[in-house]
Amino acid sequence: MNALASKWSSVRRSLLGTLGSSTTGLLKSSYEGIMGPNSSSLFILQQQRTFIQMRTRLKVVDNSGAKQVMCIQSLKGKRGARLGDTIIASVKQAQPRGKVKKGEVVYGVVVRAAMQKGRCDGSEIRFDDNAVVLVNKQGEPIGTRVFGPVPHELRKKKHVKILTLAEHIA
């Protein structure tokens, strides 16, 4: 068991090698506080939540027939897409007899993003997954229903049709 703990300790040091010594000390003390000084449990680093960029896989939350798409390009900026931005994506998984087929290149509007976004009142909104609604080139939804919560920030981005199809507005 001690060998396993030392192995993860060296992995932690190699992952944090580029950070400053003060940050490493802070993480080490929080690591020992959570896991205990002689614990053999795995140390889990929290995943950094970033923009939706090229090759990001997203869940499709409408009834267009696609289940999962992969982002090809963000139409907003160079860094990536956030809530309400339009992307170009490739369909990776699709239901049989759906409106879209596997391998098609489609447009989509990001309706849920794991990266947090600040609101006007000072609160922040963040979702557990990245999700998209497929739209045509004019911005009209392909499907007739939208599943799950959709943020009201889409109204500012002129995606009112998606809000009318949504079953829950967050």
Side-chain angles (χ1 to χ4, degrees), residues 8 11-12 14-19 27 41-170:
W8 284 108
V11 169
R12 179 172 43 88
S14 67
L15 285 173
L16 300 173
T18 58
L19 297 175
L27 269 158
S41 301
L42 299 177
F43 178 65
I44 300 170
L45 292 174
Q46 183 160 351
Q47 182 179 1
Q48 180 69 30
R49 297 176 185 270
T50 60
F51 290 93
I52 293 169
Q53 55 194 355
M54 188 185 306
R55 297 181 65 92
T56 301
R57 296 216 176 212
L58 300 107
K59 181 179 177 182
V60 180
V61 292
D62 62 6
N63 62 349
S64 61
K67 291 181 183 177
Q68 188 179 46
V69 296
M70 183 177 72
C71 178
I72 296 174
Q73 183 181 10
S74 169
L75 297 180
K76 172 71 180 198
K78 293 182 180 179
R79 293 189 68 185
R82 296 181 81 173
L83 277 176
D85 292 343
T86 305
I87 62 169
I88 300 175
S90 171
V91 178
K92 290 297 178 185
Q93 293 179 5
Q95 296 173 343
R97 296 177 297 281
K99 293 178 185 173
V100 294
K101 306 291 183 226
K102 182 178 175 182
E104 280 187 34
V105 176
V106 293
Y107 287 87
V109 174
V110 178
V111 294
R112 290 200 295 264
M115 183 178 179
Q116 65 188 16
K117 181 171 174 67
R119 287 188 163 174
C120 298
D121 60 355
S123 64
E124 294 178 335
I125 185 164
R126 176 177 61 209
F127 293 97
D128 292 335
D129 61 345
N130 296 320
V132 69
V133 171
L134 300 185
V135 296
N136 58 15
K137 287 187 178 182
Q138 289 76 31
E140 300 163 352
I142 294 175
T144 57
R145 294 177 66 196
V146 176
F147 306 110
V150 175
H152 66 80
E153 282 85 1
L154 294 179
R155 190 176 310 279
K156 294 178 188 173
K157 304 259 185 165
K158 309 291 189 228
H159 298 296
V160 182
K161 182 71 174 169
I162 294 173
L163 285 172
T164 59
L165 296 176
E167 59 184 26
H168 183 267
I169 297 174

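Using a 4.5 Å heavy-atom threshold, the side chains of Asn63 and Thr144 count as touching. At a threshold of 4.5 Å between non-hydrogen side-chain atoms, the residues Cys120 and Lys156 count as touching. In this structure, the side chains of Met54 and Gln73 stay at 4.5 Å or more apart for every pair of heavy atoms. Considering only heavy atoms from C-beta on, Val61 stays 4.5 Å or farther from Val132 through its side chain. Side-chain contact check for Leu154 versus Val111: some heavy-atom pair is nearer than 4.5 Å. Inter-residue side-chain proximity for Lys102 and Lys92 is flagged as unmet; no heavy-atom pair is nearer than 4.5 Å. Annotation: side chain of Arg112 is in contact with side chain of Asp129 (closest heavy-atom distance under 4.5 Å).
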Go through the steps to decide whether Tyr107 and Ile87 satisfy the test side-chain contact (heavy atoms from CB on, under 4.5 Å), and finish with yes or no.
CA-CA 6 Å; Tyr107 287 87; Ile87 62 169; over 6 Å; no

Can Val100 and Leu134 be said to form a side-chain contact (heavy atoms from CB on, under 4.5 Å), step by step?
CA-CA 9 Å; Val100 294; Leu134 300 185; 4.1 Å; yes

Residues Phe51, Thr56; criterion side-chain contact (heavy atoms from CB on, under 4.5 Å); working and verdict:
CA-CA 9 Å; Phe51 290 93; Thr56 301; over 6 Å; no

Are Lys117 and Arg126 close enough, and set up right, to give a side-chain contact (heavy atoms from CB on, under 4.5 Å), and what steps lead you there?
CA-CA 7 Å; Lys117 181 171 174 67; Arg126 176 177 61 209; over 6 Å; no

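Asn130 places no side-chain N or O within donor-acceptor distance of the main-chain N or O of Ala113, the cut-off being under 3.5 Å. Put simply, the side chain of His168 never gets that close to the backbone of Val150: no donor and acceptor are under 3.5 Å apart. Between the side chain of Glu167 and the main chain of Gly148, a donor-acceptor pair closer than 3.5 Å is present. In this structure, the side chain of Lys158 does not engage the main chain of Arg155 through any donor-acceptor pair within 3.5 Å.
Taking every heavy atom of both residues into account, Val133 and Pro141 meet most closely at CG1-CB, 4.4 Å.
With sequence neighbours left out, Arg119 forms a side chain to side chain contact (heavy atoms under 4.5 Å, CB included) with Asp121, Ser123, Ile125, Pro151, His152, Glu153.
Here the CD1 atom belonging to Ile72 is positioned 6.0 Å from the CE atom belonging to Met70, to the nearest 0.5 angstrom. In this structure, CD on Gln53 lies 8.5 Å from SG on Cys71, to the nearest 0.5 angstrom. Expressed to the nearest 0.5 Å, how far OG of Ser90 lies from CD of Gln68 amounts to 10.5 Å. Between the CD1 atom in Ile169 and the CD1 atom in Ile162 there is a gap of 11.5 Å [rounded to 0.5 Å].
Few gaps surround NZ on Lys99; more than 12 heavy atoms of other groups in view lie less than 6.0 Å from it. Heavy-atom contacts from other residues, nucleotides or ligands closer than 6.0 Å to CG of Asn136 number more than 12.
Salt bridge annotation for Asp62-Arg145: absent, with no cationic side-chain nitrogen under 4.0 angstrom from a carboxylate oxygen. Comment: Lys157 engages Asp85 in a salt bridge, judged by a side-chain N to carboxylate O separation of less than 4.0 angstrom.
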